[in-house]
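The model shown is predicted, which means the values in this text are computed figures rather than measured ones.
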Amino acid sequence: MPNAAIDIGLKFDNSYAKQLEGFYVSHQGDKVPTPALLKLNHLLAEALGFELDHLQAEEVASIFSGSVSPTGAAPLAQVYAGHQFGSFSPQLGDGRALLLGEIINRNGERYDIHLKGSGPTPFSRGGDGKAVLGPVLREYIMGEAMHALNVPTTRALAVVITGEKIMRKELLPGAVLTRIAASHLRVGTFQFFANRNETDKAKQLADYTIERHFHELVEDQNPYLGLLRTVCDRQAALIAKWMLVGFVHGVMNTDNMTLSGETIDYGPCAFLDQYDPATVFSSIDKHGRYSYSNQPNIAQWNLARFAETLLPLIAGDKEEAVKLASHEVNAFSRHYQKYWLTGVRTKLGLTTIEEGDFTLAHDLHLAMEGQNVDFTLLFRGLADAVRGKTDVARKLFDTPGKFDQWHTRWAERLARESVEPEQRIASMNAVNPLYIPRNHKVEEALYAAEKESNYAPFEKLMTVLTNPFEKQENLSEYAEPAPESFASYQTFCGT
């Protein structure tokens, strides 16, 4: 029998549980030995309307471990399918996660409260349903860093250590992440029912998605085509933002693509250090399917799979449905380029539009190839170049002449605009971060936490990443490239 629920002052309105019977299995998280709250995102909790001050720390930890449900919650494991590295799995689902329910904050906004690592579910496929501390903290770091960088993302509300030792390659401390999302509706959710030819359920899911996220489509002449168009556009905007900050997701399976347009599932992800379009961090991505430069192509491929699930809804005639859907999916590249170009103009300090801007930006990336250029520091260093101090950017290139050639064209382009240098610099620094989750600093924080129970490096890193665009005193080490001893970096699936 589950433990008695605890009132945390939230208004639950669990529309997924109420409206989509057959799309999930009701389930309760494991009761863990000694749950303890390691990290609470106080600002996010306040924005969501959590009332935790009257609770004991043990009660808060029990809720965020999954052992006890808050009053009004309806915990469940969602079912979905997905293409994983191009191969279709007809049934995946929440194997170590639970949707506690949906809450509506003071502004009337609806959010999912989701646990990761709360124990096995009917969709665990033989797994233990648990998560260990390192990957849980990685997701906390990455999600909150992306939020600070103004990239749409799921967010981390809390981390609880469970008192368990979980066997991976060795015994590691168990942990549970509480994740907040606009929803957990995925391309893979639609694939599950489309693959079973359950068109009625695919329609039910599409109607629910439109009502929840895209209410403006309710009166659309063809709402399902409108759904495809809107999701394609949101993904184009999202992937452009990834590329502009040098983010590599690492596992862009269709079950990891949200319809809301948020980044989800920070497993083997990382940020570029030295620029290389073929960069792959994931240890299991042997062929570079999810490399940095291939992310827009994979997004479009995933959206084509989404389009396939909607064909019976878009038009009764299959040929007509394919024609309409193909038009929307094919438009992705154009929309992606539009969003990327708009973003890169700001990164380069351009305030007007000229025909050659794409070539100018593209040629900078070509100049960086093979030069061991730190991606983040180069764009940040361009602000100094506006002041005439080109050394900051030049020294990042093995062959500085490559930058010089490009800089001449860029300076000529800037000269055609009537903008005060300090105004231009301020706008550039507002989008070119000084601090990102540097891979070596992330690993330092995770090692200290997981191996030494020392959380100070994690807390300090989070303080830095919360304010990525403004220089912070005595924290220059967080803006520096990894030492040579750090060598090649690999990441692994964890949560």
Backbone N/O of Ala73 and side chain of Ser69: donor-acceptor pair under 3.5 Å: no
Name the atoms and distances for all side-chain donor-acceptor pairs under 3.5 Å in residues 79-88, with sequence neighbours left out.
from, atom 1, to, atom 2, distance (Å)
Tyr80, OH, Gly93, O, 3.3
Tyr80, OH, Asp94, OD1, 3.4
His83, ND1, Gln191, NE2, 2.9

More than 12 heavy atoms from other groups under 6.0 Å of NE2 on His287: no
Check: Asp112 side chain, His114 main-chain N or O, donor-acceptor pair, under 3.5 Å: no
Backbone of Arg289 reached by a side-chain donor or acceptor of Asn294 within 3.5 Å: yes
Pairs flagged by side chain to side chain donor-acceptor pair (under 3.5 Å) wherever residues 219-231 is involved - sequence neighbours left out: Lys203-Tyr224, Asp207-Tyr224, Arg229-Glu328
Spacing of CG belonging to Asn330 relative to CG belonging to Leu303, to within rounding of 0.5 Å: 11.0 Å
Distance-minimising heavy-atom pair for Pro35 and Ser62: CG-OG, 4.1 Å
Rounded distance (nearest 0.5 Å) linking atom OG of Ser26 with atom CD of Glu21: 8.5 Å
NZ/NE/NH1/NH2 to OD/OE distance under 4.0 Å, Asp30 and Arg96: no
Leu244 side chain near Tyr339 side chain, heavy-atom distance below 4.5 Å: no
Test item: Asn107 side-chain N/O and Glu109 main-chain N/O as donor-acceptor pair under 3.5 Å: no
Asn467 versus Tyr435, side-chain donor and acceptor atoms under 3.5 Å: no
Parallel, tilted or perpendicular, as decided by the 30° and 60° cut-offs, for the rings of Phe247 and His249: perpendicular
Thr153 vs Met142 side-chain heavy atoms within contact, under 4.5 Å: no
Side-chain donor or acceptor of Arg234 paired with backbone N/O of Ser260 under 3.5 Å: yes
Side chain to side chain contact (heavy atoms under 4.5 Å, CB included) between Lys18 and Asp13, intermediate numbers included: CA-CA 9 Å; Lys18 294 174 183 175; Asp13 181 38; 3.1 Å; yes
Rounded distance [0.5 Å steps], CG in Leu465 versus NE2 in His147: 12.5 Å
Heavy-atom side-chain contact between Asp255 and Val187 under 4.5 Å: no
Nearest atoms (heavy-atom pairs only) where Ala17 meets Ala74: CB-CB, 4.3 Å
Carboxylate-amine/guanidinium contact Glu102 Arg212, below 4.0 Å: yes
Charged tip of Lys201 within 45° of Phe193 ring normal and under 6.0 Å: no
Note, Met252 side chain near Trp242 side chain (heavy atom, < 4.5 Å): yes
Mutual orientation of the aromatic rings belonging to Phe190 and Phe306 [parallel < 30°, tilted 30-60°, perpendicular > 60°]: perpendicular
Lys338 atom NZ: more than 12 heavy-atom contacts under 6.0 Å: yes
Closest approach of Ala97 to Thr121 (non-hydrogen atoms, all atoms of both residues): O-CG2, 3.8 Å
Criterion salt bridge (Lys or Arg N to Asp or Glu O under 4.0 Å) against Arg155, the qualifying member of Glu262, Glu139, Glu144: Glu144
Side-chain donor/acceptor of Ser67 to backbone N/O of Val32, under 3.5 Å: yes
Check: Ser15/Tyr208 side-chain N/O donor and acceptor closer than 3.5 Å: yes
Nearest atoms (heavy-atom pairs only) where Leu20 meets Leu205: CD1-CD1, 4.1 Å
Set of residues satisfying salt bridge (charged side-chain N to carboxylate O under 4.0 Å, His left out) with respect to Arg125, sequence neighbours excluded: none
4.5 Å side-chain heavy-atom contact, Glu211 and Gln19: no
Polar side-chain atom of Asn439 near backbone of Phe271 as donor-acceptor pair, under 3.5 Å: yes
Geometric class of the Tyr16/Phe23 ring pair [parallel <30°, tilted 30-60°, perpendicular >60°]: perpendicular
Interatomic distance, Arg179 atom CZ to Leu99 atom CG [nearest 0.5 angstrom]: 10.0 Å
Steps toward salt bridge (Lys or Arg N to Asp or Glu O under 4.0 Å) verdict (Asp317, Lys323): CA-CA 10 Å; Asp317 179 76; Lys323 178 182 176 181; over 6 Å; no
Closest approach of Gln295 to Tyr290 (non-hydrogen atoms, all atoms of both residues): CG-O, 4.4 Å
Student check: side-chain heavy atoms of Phe281 and Pro268 closer than 4.5 Å: no
Any donor-acceptor pair under 3.5 Å from Gln300 side chain to Val329 backbone: yes
Main-chain N/O of Pro120 paired with His27 side-chain donor or acceptor, under 3.5 Å: yes
Whether Gln28 side chain and Gly66 backbone form a donor-acceptor pair below 3.5 Å: yes
Steps toward side chain to side chain contact (heavy atoms under 4.5 Å, CB included) verdict (Gln78, Thr189): CA-CA 8 Å; Gln78 296 175 313; Thr189 318; over 6 Å; no
Heavy-atom closest contact (Thr162 atom, Val176 atom, distance): CG2-CG2, 3.8 Å
Lys39 and Glu459 ion-paired at < 4.0 Å: yes
Step-by-step side chain to side chain contact (heavy atoms under 4.5 Å, CB included) determination, Asn429 to Arg380: CA-CA 7 Å; Asn429 284 344; Arg380 186 73 179 194; 3.7 Å; yes
Euclidean distance, Ile8 CD1 relative to Ile63 CD1, rounded to 0.5 Å: 5.0 Å
Note, Arg110 side chain near His213 side chain (heavy atom, < 4.5 Å): no
Ring pair (Phe, Tyr, Trp, His ring centres under 6.0 Å) evaluation trace for Tyr140 with Phe458: CA-CA 10 Å; Tyr140 194 106; Phe458 166 74; 5.8 Å; yes
Residue Glu354 excluded, over 12 heavy atoms near CD under 6.0 Å: yes
Any Val251 side-chain heavy atom under 4.5 Å of Ile284 side chain: no
Gap separating the CG atom of Leu177 from the CZ atom of Phe64, nearest 0.5 angstrom: 10.5 Å
Full working for side chain to side chain contact (heavy atoms under 4.5 Å, CB included) between Phe379 and Val431: CA-CA 9 Å; Phe379 279 100; Val431 297; over 6 Å; no
